[in-house]
There are 2 protein chains.
Amino acid sequence: MPADVPFSTTLFVRDSCLCLHVQRAARALARRFDVALRPVGVTSGQFSLLMALNRPHPPAMGQVAALLAMDRTTLTANLKPLQRRGSIEVRPGENDKRQRVLALTPAGCGVLAAAVPIWLATHRAVEGLLGEASPDRLRADLMALS
Amino acid sequence: MPADVPFSTTLFVRDSCLCLHVQRAARALARRFDVALRPVGVTSGQFSLLMALNRPHPPAMGQVAALLAMDRTTLTANLKPLQRRGSIEVRPGENDKRQRVLALTPAGCGVLAAAVPIWLATHRAVEGLLGEASPDRLRADLMALS
DNA sequence: GACAAATTAGTTGATGTCAACCTAAATTGG
DNA sequence: CCAATTTAGGTTGACATCAACTAATTTGTC
């Protein structure tokens, strides 16, 4: 017979579970940025992905997946809509033919440029939610978890 | 014509975006708890959901969705696998017939009881990742964001 | 009581997330 | 030089997430 889990245990887990707290914050923040970025036609995740590709030397998939702490197959799925809309280009690697090199197209660069001011304003508002808490401290804590 | 986004801007956004940092931490933590909880056959999200239902008076969907900072329709989708496996029961509300009241079954309670020790051990390990940082402080910061 | 407005939840379609399994290319060891 | 291993990525299936739209119920007002 499975023993019941005491309600006090439930309250303890609900109040202290970092996994739950982080998931909740992740959902709330994603929603907020999704709404703000809708005028330029990207989600918060797509914005982060496009931004990750804006660099002098186009990266391969593995590097990007590691940077975003994302499964490689998730990245594959996330690339599809961006590729379909012509925001990014996928090319085989030159030195290593196993690799897929990911590059922004000019159109993708334009989307990114339009999104940056929106990101700035939204991010300022989000940091405001923290009150006197330091965003740097929070970032450091989150970094330690991933 | 879309101006290029300077690489320095990319680095600034990547380093400071709380949305990205929270998403990364969320993915990493979910993976970690998913792996740990696999022996009892639930994911981290399902664990949080089952735990949210372990209370004296079975709640309606809206309350649970708000507690988890989750869209109502997401909750509907998340209930399906748990319902199929007989971990939870969905009944129409008695006072308000629009409501769907969510309750743990004895089987679901058993799953939850088996998961609690795993959660305890995993959570202790995760708090260890924070080093000298205070889990309470981090929780308070995350709470402010959602 | 009748009826408009607000509340509660479901459905559909697009996308995000990962594990398990698979292929191909590069690297390493003998 | 070649076989075993490692590495980079894809495919499939299950589940998670939300917006937009719809249906049923309750509530507030007259």
Side-chain angles (χ1 to χ4, degrees), chain A residues 19-20 22-39 41-49 59-66 68-85 87 90-102 146, chain B residues 19-20 22-39 41-49 59-66 68-85 87 90-102 146:
Chain A
C19 188
L20 175 56
V22 172
Q23 304 295 330
R24 287 199 305 197
R27 284 189 284 255
L29 278 187
R31 263 195 299 265
R32 190 177 187 116
F33 277 88
D34 283 353
V35 169
L37 289 170
R38 195 167 305 156
V42 291
T43 65
S44 58
Q46 291 170 339
F47 172 75
S48 292
L49 176 47
M61 293 193 55
Q63 296 169 263
V64 177
L68 302 178
M70 177 187 288
D71 193 273
R72 289 191 289 274
T73 65
T74 302
L75 180 55
T76 298
N78 292 1
L79 293 174
K80 285 183 184 175
L82 294 174
Q83 207 173 356
R84 205 162 46 233
R85 294 173 208 159
S87 297
V90 181
R91 298 190 300 257
E94 297 186 354
N95 298 330
D96 189 333
K97 290 180 182 173
R98 293 169 304 182
Q99 292 183 337
R100 295 299 181 100
V101 170
L102 308 176
S146 59
Chain B
C19 187
L20 175 56
V22 172
Q23 303 296 328
R24 286 200 303 197
R27 285 190 284 256
L29 277 188
R31 263 196 300 264
R32 191 178 187 116
F33 277 87
D34 284 352
V35 169
L37 290 170
R38 194 168 305 158
V42 290
T43 64
S44 56
Q46 291 170 339
F47 172 76
S48 293
L49 176 47
M61 293 194 57
Q63 298 169 262
V64 177
L68 302 178
M70 177 187 287
D71 193 273
R72 289 181 191 79
T73 64
T74 303
L75 180 55
T76 299
N78 292 1
L79 293 174
K80 285 182 183 173
L82 294 174
Q83 207 173 355
R84 206 162 46 232
R85 293 173 209 159
S87 298
V90 180
R91 299 189 299 258
E94 298 185 353
N95 298 331
D96 189 334
K97 290 179 181 173
R98 293 169 303 182
Q99 291 183 337
R100 295 300 180 98
V101 169
L102 308 176
S146 60

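Values below: all heavy atoms of this structure, side chains included; hydrogens, waters and symmetry mates excluded.
Position along DNA chain C of the nearest nucleotide to B:A60 versus A:L79 favours B:A60 as the more 5'-ward residue. Mapping A:V101 and B:G45 onto DNA chain D by nearest heavy atom places A:V101 at the nucleotide closer to the 5' end. A residue-by-residue look at A:D96 and A:M70 shows that A:M70 has its nearest nucleotide of DNA chain C further toward the 5' end.
Across the protein-nucleic acid pair, B:R85 atom CZ and D:dA14 atom P stand 12 Å apart, rounded to whole Å. Whole-Å rounding puts the B:R100 CZ to C:dT11 P distance at 8 Å. At whole-Å resolution of the value, CZ in B:R38 and C1' in D:dC15 are 14 Å apart. Atom CD in A:Q63 sits about 14 Å away from atom C1' in D:dG9, given to the nearest Å. In this structure, A:N95 places its CG atom 15 Å from C1' of D:dT7, rounding to the nearest Å. Put simply, CG on B:L75 is 13 Å from C1' on D:dC18, counting in whole angstrom units. To the nearest angstrom, C1' of C:dA20 lies 15 Å from CG of B:D34. We find that CE of A:M61 is positioned 14 Å from C1' of C:dT17, with the value rounded to whole Å.
Using modelled atom types, one finds a donor on one side chain and an acceptor on the other under 3.5 Å when comparing B:S44 with B:D34.
B:R98 contributes no side-chain N or O that forms a donor-acceptor pair with the base of C:dT8 under 3.5 Å.
OP1 or OP2 of D:dT17 has at least one side-chain nitrogen or oxygen of B:N78 nearer than 4.0 Å. Within the structure, every side-chain polar atom (N or O) of B:T73 is placed at least 4.0 Å from both OP1 and OP2 of C:dG10. For D:dC18, one of the phosphate oxygens OP1 or OP2 lies less than 4.0 angstrom from a side-chain nitrogen or oxygen of B:T74. Taking only side-chain nitrogens and oxygens, A:R72 never comes nearer than 4.0 Å to OP1 or OP2 of C:dT17. Side-chain nitrogen and oxygen atoms of A:Q99 include none within less than 4.0 Å of the OP1 or OP2 phosphate oxygen of C:dA26.
Counting non-hydrogen atoms under 4.0 angstrom, A:G62 reaches the backbone sugars and phosphates but no base. Contacts of A:R91 with the nucleic acid, taken as non-hydrogen atoms under 4.0 Å apart, are absent.
A:V90 and A:Q83 get closest at one heavy-atom pair: CG2-NE2, 3.5 Å. Contact record, B:R24 with A:S146: O-CB, 4.0 Å, taken as the closest heavy-atom pair.
DNA chain D is contacted by A:R27, A:R31 of residues 23-33 of chain A, taking any non-hydrogen atom closer than 4.0 Å.
The C1' atoms of five pairs define one axis at each end of the helix from C:dG1-D:dC30 to C:dG30-D:dC1, and these two axes lie 30° apart (to 10°).
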